[in-house]
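Structure record follows, encoded as structure tokens.
Whatever order the structure lists ligands and atoms in, that order sets their numbers, starting from 1.
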Amino acid sequence: MTSTELLYEGKAKKVFATSDPDVVIVEFKDDATAFNGEKKGQIAQKGVANAAITTRLMNFLASHGIPTHFHKQLDERRLAVARLQMVPLEVVVRNRVAGSLEKRMGVAEGTVLEAPVVELYFKNDALGDPLLNEDHIRAMGIASEELVAQLKKQALEVNRLLQGFFDDRQLILVDFKLEFGMQGGQLLLGDEISPDTCRLWDKKTLRKMDKDRFRRDLGGVEDAYREVLERVLS
Ligand code: UDP
């Protein structure tokens, strides 16, 4: 499949149109950003790792009944996916306390939550992607009550499936972010699932194996992505 026009360039990915109006090509870059773009850098071979990890996880989820945008991997860095009308919400699921929840709740990092927590953030760079509740979402006409219920249900099912998948590979799924979109009236899981969008800790040592190594200058960033890739493919 030949890619043509660049439709969009984000922080970590480029999206190209194809001859099929319902299909786009996503290209994964090595660029990394954190803190709403304030910190910038590169992680060698991150794009290659994230394209392969996303492919494996989308295939795994699809085989367990989750409708996704994934069509096929084209080469090391490029995936063909369904073109979606994106829902402007980031859906975060948390199993343990980390990141912004640690700050908001004043609870120690790593604390196990009694039940998974789903959070919805408004995708809006200018506002810094604020956390919204369901009343805000309805009042602003961002999504219907039915759609919000569907997003939460799908996200919790993805969490259940991924927790098992990672547990088999000696990794703890601490939290992650999903994005969804519509094509032909169907809600599909979109975007990527990778160490850029998930917090993953080694089960035995609790070593961080994700973008927090970059965010917090912990070193060993490339090795962590490579290790997650190896475990995901095993
Ligand atoms: N996350 C993401 N993109 C964002 C914000 C968060 O992929 O723009 C992921 C993040 O990697 C983590 C989870 O969502 O796995 C929860 O992130 P949190 O709210 O703790 O914010 P962070 O500390 O990552 O800024």
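Contact annotation: for Asp196 versus ligand 1, heavy atoms closer than 4.0 Å belong to the backbone alone. The proximity of Ala34 to ligand 1, defined as any non-hydrogen pair under 4.0 Å, does not occur for either the backbone or the side chain. Only the side chain of Glu90 comes within 4.0 Å of ligand 1, judged by heavy-atom distances. Contact annotation: for Val92 versus ligand 1, heavy atoms closer than 4.0 Å belong to the side chain alone. The part of Tyr121 lying near ligand 1 is the side chain, judged by heavy-atom distances below 4.0 Å. Using a 4.0 Å cut-off between heavy atoms, Lys211 makes no contact with ligand 1 at all. At a 4.0 Å heavy-atom cut-off, ligand 1 touches Arg94 through the side chain alone.
With ligand atoms numbered from 1 in the order given, ligand 1 contributes 20 (O), 23 (O) to contacts under 4.0 Å with heavy atoms of Gly99. For ligand 1 and Ala98, the ligand atoms under 4.0 Å from any heavy atom of the residue are 20 (O).
In this structure, atom 20 (O) of ligand 1 lies nearest to the protein heavy atom Ser100 N, 2.9 Å. At the shortest separation from atom 25 (O) of ligand 1 among protein heavy atoms lies Arg215 NE, 4.6 Å. Ranking protein heavy atoms by distance to atom 22 (P) of ligand 1, first place goes to Arg199 NH2, 3.5 Å. Nearest protein heavy-atom neighbour of atom 2 (C) of ligand 1: Lys177 CE, 3.5 Å.
At least one N or O atom of Asp175, backbone or side chain, sits closer than 3.5 Å to an N or O atom of ligand 1.
The number of heavy atoms from other shown groups lying within 6.0 Å of NZ (Lys39) is above 12.
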Listing, residues 81-92 side-chain donor-acceptor contacts under 3.5 Å, not counting sequence neighbours, or none:
none

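When the side chain to side chain contact (heavy atoms under 4.5 Å, CB included) test is applied to Asn124, the partners found at least two apart in sequence or on another chain are Phe122, Ala126, Leu127.
Ion pairing of Lys11 with Asp125 is present here, as a side-chain N (NZ or NE/NH1/NH2) and a carboxylate O approach within less than 4.0 Å. Salt bridge Asp196/Lys46: present, at least one basic N to carboxylate O contact under 4.0 Å. Electrostatic pairing of Asp202 and Lys208 does not count as a salt bridge here, judged by no charged N lying under 4.0 Å from a carboxylate O.
Heavy-atom separations between Asp212 and ligand 1 are all 4.0 Å or longer.
Considering all non-hydrogen atoms of both residues, Val24 and Leu7 come closest at CG1-CD1, 3.7 Å.
When only modelled atom types and interatomic distance are considered, Gln42 and Asp31 share a side-chain donor-acceptor pair under 3.5 Å.
Panel note: side chain His71, backbone Val23; no donor-acceptor pair is recorded below 3.5 Å. Under the 3.5 Å distance criterion, the side-chain polar atoms of Asn159 are left unmatched by any main-chain donor or acceptor of Val93.
Under the 4.0 Å distance rule, the nearest protein heavy atom to atom 9 (C) of ligand 1 falls inside the cut-off.
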